[in-house]
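What follows is a single structure, written as structure tokens, with notes after it.
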Amino acid sequence: MLDRAVIERLKRGVERLETEAELIERLERAEATGRPLRVKLGIDASGPDIHLGFAVVLRKLRQFQELGHTAVLIIGDFTGKIGDPTGRSKTRPQLTDEQVRENMQRYREQVFKILMPERCEFRYNSEWLDRLNATDIVNLAARYTVARLIEREDFRKRLDEGVPLFVHELLYPLFQGYDSVMVQADVELGGADQYWNLLVGRELQARFGQEPQVIMTVPLLVGTDGKMKMSKSYGNYVGISEPAGEMFGKLMSIPDELILDYFRLTTDKTDAEINEYERRLRSGENPRNIKAELARAVVTIYHSPAAAEQAAVEFDRVFREKQTPAQMPEFRIPDSGISIVDLIVQAGLLPSKSEARRKLQEGAVYLDGVRVNDPALVLKPAAEPVVLKVGKRRFVRLTG
RNA sequence: GGACGGGUUCCCGAGUGGUUAAAGGGGGCAGACUGUAAAUCUGCUGGCGAACGCCUACGGAGGUUCGAAUCCUUCCCCGUCCA
């Protein structure tokens, strides 16, 4: 008999589970027969970075691996080329084979920060989708109705608002569902926004005579902007491979209201620990401190406790005490001297000279802590290095 | 195939001959403040130039005009309805 604690652990942090009874049945069968479950997870190949939002579902997948099951990662190289319409009001750019391969190279390394490599199976869905001919596609399309397809909220919305919706986008969920058929998934995981897609897979499997997959979705993590879901395309994400300092800083920039959600979704903190954080927040303790603990916990997972400690110290040093960072890039001033405006651009602190002039005017530029306003200022090489600061977080050490 | 509507700066969206680098919002950045790269308030937000200024930009290409995002021609694309 299956240990109740196992189910509870798998269910923890899960938003929707269809269905619990089926999951228990499969787990028990796996235990009895010794055949591990095949747990599918689709990967978006549009960018090379894995962020904390996606890590939520990867961590869930890891739990299955720890129970001896197999992670089946579907790299959507075929569907990536089509463009995934999920949650977008517009058509996504399409990717080339080249881009997909490059992205995947880096992806693999990052995935193993969370998953156990020996229990992973990577599959490119072009493996089977590229081989479908017109007959196959019609045959697949004949197993699902248009009414069911356009039930999906974002399709519905685009139709209602007169925003273009292309036929190939309608096909996408079908192909994604077909992936489940091809890999014979027992369980499929996904973010909350994937729920509808996962259901399509479940139904298609049934229509292809397979036992329908169990589906589990985890909540979407809100991005650092506090508004939209964390996503590469919104630029509001924290990548799991980012340097510790960067990761720490981004986590400190999330709105205070998100602190508890982040603890729940991105760390291993227990319910009891999270309740304690909640109590402290309510008692009026400075949210900053609790957020710093969050940032530390997350950096510890992807780097190390030492790196987290260092990032925390550095953060206080730069943003609280307004001192200069321990490490910063260097820029050598040419012997002939250089204007402050050119310097800012050449050192890569700002993208254009116009922008540099504006920032000078706004009082955002400091040399060794002294505000500089004069755009005509020319710097000569000096014996002592000088620290140039633009805004709160851009520093460069100037050498002679 | 036809009728009508539409394509504007990073995004959304106003603008129907000069006062328009183009309202407003979003996003981003900066400043102030702060217990944080939270929140709040304020400012800035195409490029080059010290500066008068110059260049680039309103789907593409031509044209009218002293002058066009705004008018004309043509092409491309999107939507709605009809067939």
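Here is how names work: the chains are called A, B, and so on, in the same order as the sequence lines, proteins then strands, and each is numbered from 1.
A:K291 places its NZ atom 9 Å from the C1' atom of B:A39, with the value rounded to the nearest Å. Between the P atom of B:G46 and the CZ atom of A:R357 lies a distance of 14 Å, rounded to the nearest Å. One interatomic measurement links the two molecules: CD1 of A:I344 to P of B:C48, which rounds to 12 Å at whole-angstrom precision. Atom P of nucleotide B:C78 and atom CZ of A:R158 are separated by 13 Å, given to the nearest angstrom. Rounded to whole Å, the distance from CD on A:Q361 to P on B:G31 is 14 Å. Rounded to a whole Å, the CE atom of A:M228 is 14 Å from the P atom of B:C11. Summarising the geometry, the separation between NZ on A:K250 and P on B:A38 is reported as 14 Å, rounded to the nearest angstrom. If you measure from atom CG of A:N236 to atom C1' of B:G26, you get 14 Å, rounded to the nearest angstrom.
For the pair A:S352 and B:C48, the criterion of a side-chain N or O lying under 4.0 Å from OP1 or OP2 is met.
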Just list the side-chain donor-acceptor pairs under 3.5 Å for residues 391-399 of chain A, sequence neighbours left out, or say none.
{"unit_1": "A:R393", "atom_1": "NH2", "unit_2": "A:E246", "atom_2": "OE2", "d": "3.4"}
{"unit_1": "A:R394", "atom_1": "NH1", "unit_2": "A:L349", "atom_2": "O", "d": "3.4"}

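Atom CD of A:E330 has more than 12 heavy atoms from other residues, nucleotides or ligands within 6.0 Å.
If you check B:A39 for Watson-Crick or wobble pairing at under 3.5 angstrom, you find it has no partner at all. B:U16 makes up no base pair with any nucleotide shown, lacking Watson-Crick or G-U wobble contacts both under 3.5 Å. Across all strands shown, B:C58 forms no Watson-Crick or G-U wobble pair with both key distances under 3.5 Å. Pair assignment for B:C81: B:G2, on the basis of Watson-Crick or G-U wobble contacts that are both within less than 3.5 Å. In this entry B:G28 has B:C44 as its Watson-Crick or G-U wobble partner, both defining distances falling under 3.5 Å. In this structure, B:G67 forms no base pair with any nucleotide, since neither Watson-Crick nor G-U wobble geometry is met with both distances under 3.5 Å.
Taking the P atoms as reference points, B:U64 lies 45 Å from B:G27, given to the whole Å. Here the separation of B:G1 from B:C10, taken at their C1' atoms, is 39 Å to the nearest Å. Nucleotides B:A68 and B:A21 place their C1' atoms 15 Å apart, quoted to the nearest Å. Comparing B:G2 with B:G47, their P atoms are spaced 45 Å from each other, to the whole Å. Comparing the P positions of B:C33 and B:G25 gives an interatomic distance of 25 Å, to the nearest angstrom. Taking atom C1' on both nucleotides, B:G79 is separated from B:G59 by 15 Å, rounded to a whole Å. A distance of about 40 Å separates the C1' atoms of B:A38 and B:A50, rounded to the whole Å. Nucleotides B:G49 and B:U56, compared at atom C1', are 15 Å apart to the nearest Å.
Nearest nucleotide to the side chain of A:S253, out of B:G47, B:U36, B:A37: B:A37. Picking from B:A38, B:A37, B:U45 the nucleotide with the shortest atom distance to the side chain of A:R358 gives B:U45. Of all nucleotides listed (B:C78, B:A38, B:G31), B:C78 comes nearest to the side chain of A:F166. For A:P287, the listed nucleotide lying nearest its side chain is B:U36; candidates were B:U36, B:U34, B:G47. You'll find that the side chain of A:R371 is closest to B:A32, out of B:A32, B:G49, B:U36.
Cation-pi check for A:K250 over A:Y237 is met; the charged atom lies under 6.0 angstrom from the ring centroid and within 45 degrees of its normal. Annotation: cation-pi geometry not satisfied between A:K269 and A:F263 (NZ/CZ under 6.0 angstrom from ring centroid, within 45° of ring axis). Under the 6.0 Å distance and 45° angle rule, A:R152 counts as a cation-pi partner of A:F155. Taking the ring centre of A:F248 as origin, the terminal cationic atom of A:R296 falls outside the region bounded by 6.0 Å and 45° from the ring axis.
Atom CD of A:Q63 sits about 9.5 Å away from atom CG of A:L189, to the nearest 0.5 Å.
For the pair A:P375 and A:M252, both in contact range of RNA chain B, the more 5′-proximal nearest nucleotide belongs to A:M252. Where A:L159 and A:Y366 meet RNA chain B, the nucleotide closest to each residue was compared, and A:Y366 sits on the side nearer the 5' end.
A donor-acceptor pair under 3.5 Å is absent between the side-chain atoms of A:K229 and the main chain of A:V222, judged by distance alone.
Near-neighbour residues of RNA chain B inside residues 303-311 of chain A, defined by a heavy atom below 4.0 Å, are absent.
Contact between A:L360 and A:V372 at its shortest, heavy atoms only, is CD1-O, 3.6 Å.
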Can you name the atoms? Protein N/O to nucleotides 28-30 of chain B N/O, anything below 3.5 Å, with the distance.
{"unit_1": "B:C29", "atom_1": "O3'", "unit_2": "A:R394", "atom_2": "NH2", "d": "2.9"}
{"unit_1": "B:C29", "atom_1": "O2'", "unit_2": "A:K359", "atom_2": "NZ", "d": "3.3"}
{"unit_1": "B:A30", "atom_1": "OP1", "unit_2": "A:R394", "atom_2": "NH2", "d": "2.9"}
{"unit_1": "B:A30", "atom_1": "O2'", "unit_2": "A:E362", "atom_2": "OE1", "d": "3.3"}

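Within the 4.0 angstrom heavy-atom criterion, only backbone atoms of the sugar-phosphate kind lie near A:K353; the bases stay farther away. Among the protein residues, A:R320 comes within range of the sugar-phosphate backbone only, with heavy atoms under 4.0 Å from sugar or phosphate atoms but none that close to a base. Across all strands shown, A:K322 has heavy atoms under 4.0 Å from base atoms, whether or not it also approaches the sugar-phosphate. Across all strands shown, A:S354 has heavy atoms under 4.0 Å from base atoms, whether or not it also approaches the sugar-phosphate. Contacts of A:I254 with the nucleic acid, taken as non-hydrogen atoms under 4.0 Å apart, involve only primed sugar atoms and P, OP1 or OP2.
Side chain A:N289 to base B:U36: no donor-acceptor pair is found below 3.5 Å.
With hydrogens and angles left out, the side-chain atoms of A:Y277 and A:E293 include a donor and acceptor closer than 3.5 Å. For the residue pair A:Q205/A:S180, the side-chain donor-acceptor check at 3.5 Å is not satisfied. No donor-acceptor contact under 3.5 angstrom links the side chains of A:E355 and A:S352, judged on distance only.
Test A:T217, A:D154, A:L149 against A:W196 for side chain to side chain contact (heavy atoms under 4.5 Å, CB included) and you get one pass: A:L149.
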